[in-house]
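Below, chain A is the first sequence line, B the second, and so on; all start at residue 1. Model, not experiment: these values are computed from the prediction.
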Amino acid sequence: MLFLYNTLSRKKEMFVPLHEPNVGMYVCGPTVYGDPHLGHARPAITFDILFRYLQHLEYKVRYVRNITDVGHLENDADAGEDKIAKKARLDQLEPMEVVQYYTNRYHKAMEALNVLPPSIEPHASGHILEQIEFTQKILDAGYAYESEGSVYFDVEKYNKDYRYGKLSGRNVEEMLETTRELDGQSEKRRSVDFALWKKASPEHIMRWKAPWSEGFPGWHMECSAMGTKYLGEEFDIHGGGMDLMFPHHECEIAQSCAALGKDSVRYWMHNNMITIGGQKMGKSLGNFITLEQFFTGKHPLLNKAFSPMTIRFFILQAHYRSTVDFSSEALEASEKGLERLLEGYARLQKLKPNGKQPATAGVDKSSLNQTASGVNQVSLSQTASGVEQFSSGQVASGDKSESSLAGLRQRCESAMNDDLNTPIVISNLFDALKTINLVHDGKAGISENELAELKSVFKLYLEDLMGIQEEAAQGEGVEAYQKAVDLLLNIRLDAKKNKDWATSDRIRNELSALGFEIKDTKDGFEWRL
RNA sequence: GGUACUUUGGCCGAGUGGUUAGGCACCGGUCUGCAAAACCGUCUACGGCGGUUCGAAUCCGCCAAGUACCUCCA
């Protein structure tokens, strides 16, 4: 049973889809007027996990994540000017050129982070008609009014029939007292009213024809229009960053409810912010670090470059509803942990069952040492009897591994079911890693069944659900190159046997100089680039 | 000012009534021609004060510190 925290109720609720086995999920995507930064990675990864997990639970998921390329107003000197248009003028580019550029950049970063593409990725600019229609519906329902070519949502009237503020826990009366004076509010009846359609000023480049004026849709309209278009008037999950809770999602609820007479969304989910020195990382504070800067290490706050997988792992090590404080040190800690975990996972693939074989125990008493000749060496040849038995006297420690393995899958599953608690899943994998290493070192036994289960759980949770994978390039020639390195290191191994330290050290030193990390093990070697 | 939230060991970060979260670092050990790496083990904290309870990091109250939203923002 999957439980998800619903912002509406402030409680974890059992997830029951409206139309099983189908699940509709909408997540607020990026505004494409700047390079994607760490803050963009969090919702993308959070809801990627949910997307993957729902599919694992055998739901048929339609995942919609929008691209905002129109309509956000800026409240500064250029008040009322569209963000995209502003950036376009500065760069002397067509607005859609800017949109395309940053959309591509975003996609590239998401792919690097192993974030699966959504089922549908609608652009706001491609759904102007739908937004005009939606606005008309609200007008027809009587919850909006036209004023000087713009259309505003009548929050006060809406609040009499429904309740405005139920998501963020605000009430309109208080807001009327406390909201500040803003430019352009003279057109509005109340300061809390918000634009559904905005008339474009003469210098405004992005504009569309509508019954009320030539202009552009209000900032919250795209999600209402596109969400209901692709997922229906009612759908299961709507996600996004916590900073969107108010006003964006609150207004969205009001719009949809006003137009359709009912709530559209069952489960509202919000990921928390990434902080830097305890402060939110964001555009307005100018303290954000772009994903590219992470990947290249080119930022004053970074001691080094960090791989996309490290970023992903770092984010998954915190629960999605907690703030997570970024620092180079914290990332370095995650990086090391991830490395160890992935190395163990690679090791697991080479592991052979030993000891504690239920029925066919005691078949073959060959030594475990034969398998320990190096992780990168191919040693997967499974004999028909398959089982290599570990020497007696290790049976006791074998029981230890059993206890830590028992229920591993179940523990991971409960963690995921408990509002996607990926930190707990990870801690369980680290526990299992201990067993893997003990078996690898010949200090514990593992049966064939246990081994298969272990491999299966790691594959499922680490790779399929959390989307963590080796970053090593997969391509033609890679295998040949790996074998070449193995060959060199085997020559070194021979040299060592002959106590030819000169040759041995030369191979190691020169490979190290090329960037290889050589690890001598008891019976062979491991290496990585 | 309003609303909501947070405060966990050297650092990051789970955990909502009773057993060791986990990671990183440190320290100890194993392995080793040397070196590195790897592996194993150790380190038992919960902002302060009071209350409820047989028992609280976990529930309640007060205090302190901090953050977010109220304006574009993931």
Side-chain angles (χ1 to χ4, degrees), chain A residues 10 27-31 33-34 36-47 68 72-76 79 83 165 168-171 174-175 177-180 182-183 192 219 239-248 250 270-275 278-285 288 313-314 317-319 321-327 329-338 340-341 343-344 347 375 411 415 418 421-431 433-434 436-438 440-443 496 499-501 504-505 508-509 512 517-523 525-528:
Chain A
R10 317 247 160 196
V27 173
C28 289
T31 305
Y33 70 111
H37 59 80
L38 192 56
H40 291 99
R42 191 143 199 219
I45 289 171
T46 297
F47 294 104
T68 297
H72 280 206
L73 304 171
E74 271 194 300
N75 182 36
D76 56 16
K83 253 184 189 169
S168 55
R170 267 155 241 259
N171 77 64
E174 278 176 5
M175 287 174 63
E177 290 165 14
T178 58
T179 307
R180 304 175 210 169
L182 294 172
D183 289 341
V192 289
W219 6 312
M242 252 177 199
D243 49 349
L244 296 179
M245 225 162 90
F246 190 92
H248 184 57
E250 199 68 75
H270 293 93
N271 62 275
N272 214 321
M273 302 292 103
I274 287 177
T275 60
Q279 262 202 323
K280 184 178 113 174
M281 183 181 287
K283 272 219 151 51
S284 50
L285 294 164
F288 64 96
F313 188 67
F314 174 69
Q317 268 192 305
H319 188 259
R321 280 190 293 112
S322 301
T323 57
V324 57
D325 198 56
F326 153 82
S327 70
E329 290 71 26
L331 267 178
E332 282 165 49
S334 281
E335 181 178 47
K336 283 182 187 163
L338 172 63
R340 211 158 67 81
L341 198 58
E343 222 159 281
R347 226 168 243 170
V375 169
R411 286 196 300 274
D418 185 14
N421 199 329
T422 52
I424 295 291
V425 174
I426 290 171
S427 80
N428 277 308
L429 294 181
F430 271 110
D431 283 342
L433 175 66
K434 206 154 279 186
I436 292 172
N437 285 329
L438 282 170
H440 175 257
D441 287 357
K443 289 174 182 164
K496 280 173 68 178
K499 299 200 190 295
D500 179 2
W501 310 130
S504 155
D505 287 352
R508 181 179 69 195
N509 293 341
S512 298
E517 189 180 306
I518 312 299
K519 303 176 187 173
D520 286 354
T521 61
K522 192 174 180 183
D523 305 288
F525 54 81
E526 295 175 6
W527 64 267
R528 54 189 297 149

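- At the phosphate of B:C24, neither OP1 nor OP2 sits under 4.0 Å from any side-chain N or O atom of A:Ser334.
- Residues A:Arg411 and A:Asn428 bring a donor and an acceptor atom of their side chains to less than 3.5 Å of each other.
- Not counting sequence neighbours, the partners of A:Asp325 by the side chain to side chain donor-acceptor pair (under 3.5 Å) test are A:Thr275.
- Closest contact between the side chain of A:Arg340 and the listed nucleotides B:C69, B:C12, B:C24 involves B:C24.
- The interatomic distance linking A:Lys434 (NZ) with B:A38 (C1') rounds to 14 Å, in whole Å.
- Under 4.0 Å is where a charged nitrogen must lie from a carboxylate oxygen, and between A:Asp431 and A:Lys434 no such pair does.
- Side chain of A:His319, nearest nucleotide from B:C69, B:A14, B:C40: B:A14.
- In this view, A:Asn271 satisfies the side chain to side chain donor-acceptor pair (under 3.5 Å) rule with no residue, not counting sequence neighbours.
- When distances run from any side-chain atom of A:Phe430 to the nucleotides B:G22, B:A21, B:C12, the shortest one goes to B:G22.
- Between the side-chain ring of A:Trp501 and the base of B:G33, a stacking contact exists by the 5.5 Å and 30° definition.
- Contact check for A:Asn437 versus A:Leu433: side-chain heavy atoms found under the 4.5 Å cut-off.
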Using atom names, set out every protein N or O paired with an N or O of nucleotides 25-29 of chain B below 3.5 Å, distance rounded to 0.1 Å.
{"from": "B:A25", "atom 1": "OP1", "to": "A:Lys336", "atom 2": "NZ", "distance (Å)": "3.3"}

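- For B:U20 and B:G15, the C1' atoms lie 13 Å apart once the distance is rounded to whole Å.
- Map A:His40 and A:Phe314 each onto its nearest nucleotide of RNA chain B; the residue landing nearer the 5' end is A:Phe314.
- Distances shorter than 4.0 Å separate none of the side-chain N or O atoms of A:Arg321 from OP1 or OP2 on B:U6.
- For A:Arg10 and B:C5, the CZ to C1' distance is 9 Å, given to the nearest whole Å.
- Contact annotation for A:Met242: no contact, since no heavy-atom pair falls under 4.0 Å across all strands.
- Taking only side-chain atoms of A:Leu244, from C-beta outward, the nucleotide of B:C73, B:U67, B:C24 with the closest atom is B:C73.
- Between the side chain of A:Arg170 and the base of B:A4 there is no donor-acceptor pair of N/O atoms closer than 3.5 Å.
- Listed by chain and number, the residues in a side chain to side chain donor-acceptor pair (under 3.5 Å) with A:Thr422 amount to none (sequence neighbours excluded).
- The aromatic rings of A:Phe288 and A:His37 sit tilted relative to each other, their planes meeting at an angle between 30° and 60°.
- Contacts of A:Phe47 classified as ring-ring contact (aromatic ring centres under 6.0 Å, His included), with partners at least two apart in sequence or in another chain: none.
- For A:Ser504 against B:G33, a side-chain N or O and a base N or O form a donor-acceptor pair under 3.5 Å.
- For B:G33, its base sits under 3.5 Å from the side chain of A:Asp505 at one donor and acceptor pair at least.
- The side chain of A:Asn421 places an N or O atom within less than 4.0 Å of a non-bridging phosphate oxygen (OP1 or OP2) of B:G15.
- At the heavy-atom level, A:Ile274 lies under 4.0 Å from base atoms of the strands shown.
- B:A21 and B:A36 have their P atoms separated by 33 Å, with the value rounded to a whole Å.
- Judged by atom type and distance alone, A:Arg508 reaches the base of B:C34 through a side-chain donor-acceptor pair under 3.5 Å.
- Helical stems in RNA chain B, defined as runs of 3 or more consecutive Watson-Crick or G-U wobble pairs with donor-acceptor distances under 3.5 Å: B:1-7 with B:64-70, B:10-12 with B:22-24, B:27-30 with B:38-41, B:47-51 with B:59-63.
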